[in-house]
Amino acid sequence: MPVRLYNTLTQKIEDFVPLTPGKVKLYVCGITVYDLAHAGHGRTYTTFDVLVRFLRARGFEVSHCQNVTDVDDKIVNRAKERGEDPLALSKRMGELADAHLEAIGCAKPTVMPRVSTTIDGIVDITEKLIRNGHAYVAETPQGNDVYFAVRDFPGYGKLSRRNLDDLRAGASERLAEGATDIKKDPLDFALWKAAGPDAFGFDSPWGKGRPGWHIECSAMAFAELGEQMDIHGGGMDLVFPHHENEIAQSEACSGKEFARYWMHGGFLEIDSEKMAKSLGNFVTIKDVLDKNDPEGYRYFVLGTHYRGPLSFDVEKHPDGRVTFPGLDEAERRMDYLYATRDALVSLAGDAEPSEPNILQGQAQIVAEAKEKVLEALDRDLNTPVALSVLAELGKAGNEIVMQAPKMRKDPAKNEAIKKLAASAVRALDAACAPLGLMQAKSDAYWARTRERRLRLRGLDASAIDAKVAERGEARKAKDFAKADAIRKELGEVGVEIFDAADTSSWKIAL
RNA sequence: GGCGCGGUAGCCAAGUGGUUAGGCAACGGUUUGCAAAACCGUCAUACGUCGGUUCGAAUCCGAUCCGCGCCUCCA
């Protein structure tokens, strides 16, 4: 079965056929780095990270280009407020964004071009568009602007299904007030905007200025991937005008179809509203990392199909703690997967993976898991179904662990179930790989989650160890009243105790 | 006003013409000193509303209600 992807351009799920067999050119619109990246950004880039991992797992060689918009009015304005150099601000924020995206498991794109180092390419395209009549220079008090003439590009509106007259009608109120008579048509958009004499900008054939918002993506895509690419993606909010304008200027320049497949991720919402800087209802990735495990966040994101809305809940507790219930639930699932894997690893010992003739039902789930995940992703990245495969695999894994003691007396069965456990570990890793989950070593996962959960509750591990040891003595002495009292006491501050035959372990509740 | 997205059992969320999604919560069980975890079972003859097409519709068509997004910066 071929890879199938929803294409915004055709509004259909289509078989994915790359321009060059076996190779994929992917361009993802990156972040404008004027502030910290938020959880909604994280969702989009997690989606495309899974796309890349999945396509590679399906054997494609993927060139993933993701730009960094480090030149933009917002950056200039924010820098002015802070008395900072715009490029210094965007460099700083860009590095933080990279770190935060990496922390939530997004593999580094193949290339990450920046606007500030793509000015030559932007000028080249702009000049070509002027030469071929698709763009024109307009004088302003600050200098020269360059605009793209929307009416002269016949395909304008094909991505977002808009026509110029509707747009004009909808925008008429604003345009009347806007006083933009330097444009031939109010809907023409800037390729280059003049900067005042002191303002931040770059030299160009039209004087000092800055690129318009959309042109940088065309220039970076041309430079890194060529005039045509397979997949172009970004958030839903980029469909219009950003991607529509990218298509117009790119295709007017090259005469070729810019991108074959357009993919757009749905919004992360708070209280049924899009999470956005402008609405002030955002939670940064750093906030998320502060409270939850990065893989818990990823699991949470992948629990909803990428094109649908995803609601991000924030809960304020009476004791003053603020938690993200959806992330907590997802993180508990990561605990489950890591715990399951630990138990399987311990059972497998040094057995080699194989498919022994034992526990047929579980063995079959183990054998099929990886391919079932890939088949789910074949269907327009159906990550919720992929996670359901992990749930089945986890159950099968725990069942194998549970059945193991019954096999001990029979050496053949004992050997067989260890091999099955080893297979299950391998299957779990293989099934998680295209999703970018379970990328940590188990010890590291438990250490980092324990450290974070202790910190959030203001608890101290050695104090808990001491209490648990005290309780252990009480248990040994069969003083169960005392043991239960300590369990209750610790339970009230969020410590859960798990008893084994002669020892106890503990965990901080989420 | 134009263009688009969504409304599925207590909650989250797949499915998009006929046979188990999955998770969480709750409850019953196996296990346990008691618990927890794990596993098994129940909740699940659910699909916003009203019509239509069909042997058969959550799924297709029409109408309609509700929520949201884009059309101004946005992932």
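Residue numbering restarts at 1 for every chain, and letters A, B, ... go by the order of the sequence lines. All heavy atoms count here, side chains included; hydrogens, waters and symmetry mates do not. All values reported here derive from a predicted model rather than from experimental measurement.
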Asks: Between A:L359 and A:E399, is any pair of side-chain heavy atoms under 4.5 Å apart?
Replies: no

Asks: For a quick test of reading the model: is some side-chain N or O of A:R333 closer than 4.0 Å to OP1 or OP2 of B:rC24?
Replies: yes

Asks: Could you tell me how far apart A:F267 (CZ) and B:rG67 (C1') are, to the nearest whole angstrom?
Replies: 15 Å

Asks: Look at the side chain of A:R43 against the base of B:rA75 and say whether a donor-acceptor pair falls under 3.5 Å; ignore hydrogens and angles.
Replies: no

Asks: Would a 4.5 Å heavy-atom cut-off, applied to side chains only, mark A:I417 and A:Q403 as touching?
Replies: yes

Asks: Using heavy atoms to find the nearest nucleotide of RNA chain B for A:Y299 and A:N398 separately, return the residue whose nucleotide is more 5′.
Replies: A:Y299

Asks: Are A:P434 and A:L377 side-chain neighbours, meaning at least one heavy-atom pair lies under 4.5 Å?
Replies: yes

Asks: Answer yes or no: is there a side-chain heavy-atom contact under 4.5 Å between A:P86 and A:K80?
Replies: no

Asks: Regarding A:R471, tell me which of base, sugar-phosphate or nothing describes its non-hydrogen contacts under 4.0 Å with the strands shown.
Replies: base

Asks: Short of 4.0 Å, heavy atom to strand atom, which residues of residues 491-504 of chain A count as contacting RNA chain B?
Replies: A:I497, A:F498, A:D499

Asks: If I pick the P atom on B:rU49 and the same atom on B:rC34, what distance separates them, to the nearest angstrom?
Replies: 48 Å

Asks: What integer distance in Å separates A:N77:CG from B:rC73:C1'?
Replies: 11 Å

Asks: What I'd like to find out is whether the side chain of A:E14 reaches to under 4.5 Å of the side chain of A:Y6, using heavy atoms alone.
Replies: no

Asks: Between B:rU64 and B:rC73, how far apart are the two P atoms, rounded to whole Å?
Replies: 33 Å

Asks: Considering every strand shown, what is the Watson-Crick or G-U wobble mate of B:rG17 when both distances are under 3.5 Å?
Replies: none

Asks: Mind listing the closest non-hydrogen atom pair of A:K418 and A:L347 along with its distance?
Replies: CG-O, 3.4 Å

Asks: Rounded to whole angstroms, how far apart are CE on A:M334 and C1' on B:rC24?
Replies: 17 Å

Asks: Expressed in angstrom and rounded to an integer, what is the separation of A:D237 atom CG from B:rC68 atom P?
Replies: 17 Å

Asks: Rounding to an integer number of Å, can you tell me how far A:I270 CD1 sits from B:rA75 P?
Replies: 16 Å

Asks: With a cut-off of under 6.0 Å to the ring centre and 45° to the axis, is A:K183 in cation-pi contact with A:F148?
Replies: no

Asks: Go ahead and name the base partner of B:rG69; Watson-Crick or wobble counts if both distances stay under 3.5 Å, otherwise write none.
Replies: B:rC3

Asks: Look at A:K395 and B:rC40 and indicate whether a side-chain polar atom (N or O) is within less than 4.0 Å of OP1 or OP2.
Replies: yes

Asks: Describe, in one word, how the ring planes of A:H41 and A:Y45 are oriented to each other, choosing from parallel (under 30°), tilted (30 to 60°) and perpendicular (over 60°).
Replies: parallel

Asks: Could you work out the separation of B:rC24 and B:rA13 based on their P atoms and round it to a whole Å?
Replies: 15 Å

Asks: Could you work out the separation of B:rA38 and B:rA25 based on their P atoms and round it to a whole Å?
Replies: 9 Å

Asks: Write down the distance separating the C1' atoms in B:rG52 and B:rA26, rounded off to the nearest Å.
Replies: 40 Å

Asks: Less than 4.0 angstrom between a side-chain N/O of A:K274 and OP1 or OP2 of B:rC5, yes or no?
Replies: no

Asks: On RNA chain B, does the nearest nucleotide to A:F480 precede the nearest nucleotide to A:H242 from the 5' side, or the other way round? Give the residue.
Replies: A:F480

Asks: Rounding to an integer number of Å, can you tell me how far A:Q362 CD sits from B:rA38 C1'?
Replies: 13 Å

Asks: Which atom pairs, one a donor and one an acceptor, fall under 3.5 Å between side chains of residues 489-502 of chain A and the rest of the protein, sequence neighbours left out?
Replies:
| residue | atom | partner | partner atom | Å |
| --- | --- | --- | --- | --- |
| A:E489 | OE2 | A:K467 | NZ | 3.3 |
| A:D499 | OD1 | A:R471 | NH1 | 2.9 |
| A:D499 | OD1 | A:S504 | OG | 2.7 |
| A:D499 | OD2 | A:R471 | NH2 | 2.8 |
| A:D499 | OD2 | A:R487 | NH2 | 3.3 |

Asks: Are the aromatic rings of A:Y261 and A:H232 close, with centres under 6.0 Å apart?
Replies: no

Asks: For B:rA58, what is the paired nucleotide under Watson-Crick or G-U wobble rules, both distances under 3.5 Å?
Replies: none

Asks: So which protein nitrogen or oxygen atoms get under 3.5 Å of nucleotides 25-29 of chain B's nitrogens or oxygens?
Replies:
none

Asks: Is B:rC11 paired to anything, Watson-Crick or G-U wobble with both distances less than 3.5 Å, and if yes, which nucleotide?
Replies: B:rG23

Asks: When we call it a touch if two heavy atoms are under 4.0 Å apart, what does A:R162 touch: a base, just sugar-phosphate, or nothing?
Replies: base

Asks: Which nucleotide, in any strand shown, forms a Watson-Crick or G-U wobble pair with B:rA38, with both distances under 3.5 Å?
Replies: B:rU30

Asks: C1' atom, B:rA58 versus B:rC50: distance in rounded Å?
Replies: 16 Å

Asks: Write down the partner of B:rU53 under the Watson-Crick or G-U wobble criteria, each distance required to be under 3.5 Å.
Replies: none

Asks: Where the side chain of A:D484 is concerned, which of B:rG22, B:rG33, B:rC39 is the nearest nucleotide?
Replies: B:rG33

Asks: Please measure how far the P atom in B:rG22 lies from the corresponding atom in B:rG15, and state the result in whole Å.
Replies: 14 Å

Asks: Measuring only between side-chain heavy atoms, which start at C-beta, is A:D378 closer than 4.5 Å to A:P2?
Replies: no

Asks: Using whole Å, what does the distance between atom P of nucleotide B:rC3 and atom OH of A:Y156 come to?
Replies: 17 Å

Asks: In whole Å, measure the gap between the C1' atoms of B:rC55 and B:rA14 for me.
Replies: 28 Å

Asks: Test of understanding: with side-chain contact (heavy atoms from CB on, under 4.5 Å), list the residues that count as partners of A:A190, not counting sequence neighbours.
Replies: A:Y147, A:K193

Asks: Within the structure provided, determine whether A:L101 and A:I31 are in side-chain contact (heavy-atom separation under 4.5 Å).
Replies: yes

Asks: Are A:H214 and A:H243, when compared by the centres of their aromatic rings, separated by less than 6.0 Å?
Replies: no

Asks: Under a 3.5 Å cut-off for both contacts, is B:rU45 paired Watson-Crick or G-U wobble with anything, and if yes, with which nucleotide?
Replies: none

Asks: To the nearest Å, how far apart are A:F189 CZ and B:rC71 P?
Replies: 15 Å

Asks: When every nucleotide of nucleotides 6-17 of chain B is labelled 5' to 3' by its protein contacts under 4.0 Å (heavy atoms), B for base, S for sugar-phosphate only, - for none, what sequence of letters results?
Replies: -------SSS--

Asks: Any pair with a residue in residues 95-104 of chain A that passes side chain to side chain donor-acceptor pair (under 3.5 Å), sequence neighbours left out, goes on the list, sorted by first then second residue, please.
Replies: A:K91-A:E95

Asks: Using a 4.0 Å heavy-atom cut-off across all strands, classify A:G326 as base, sugar-phosphate, or nothing.
Replies: nothing

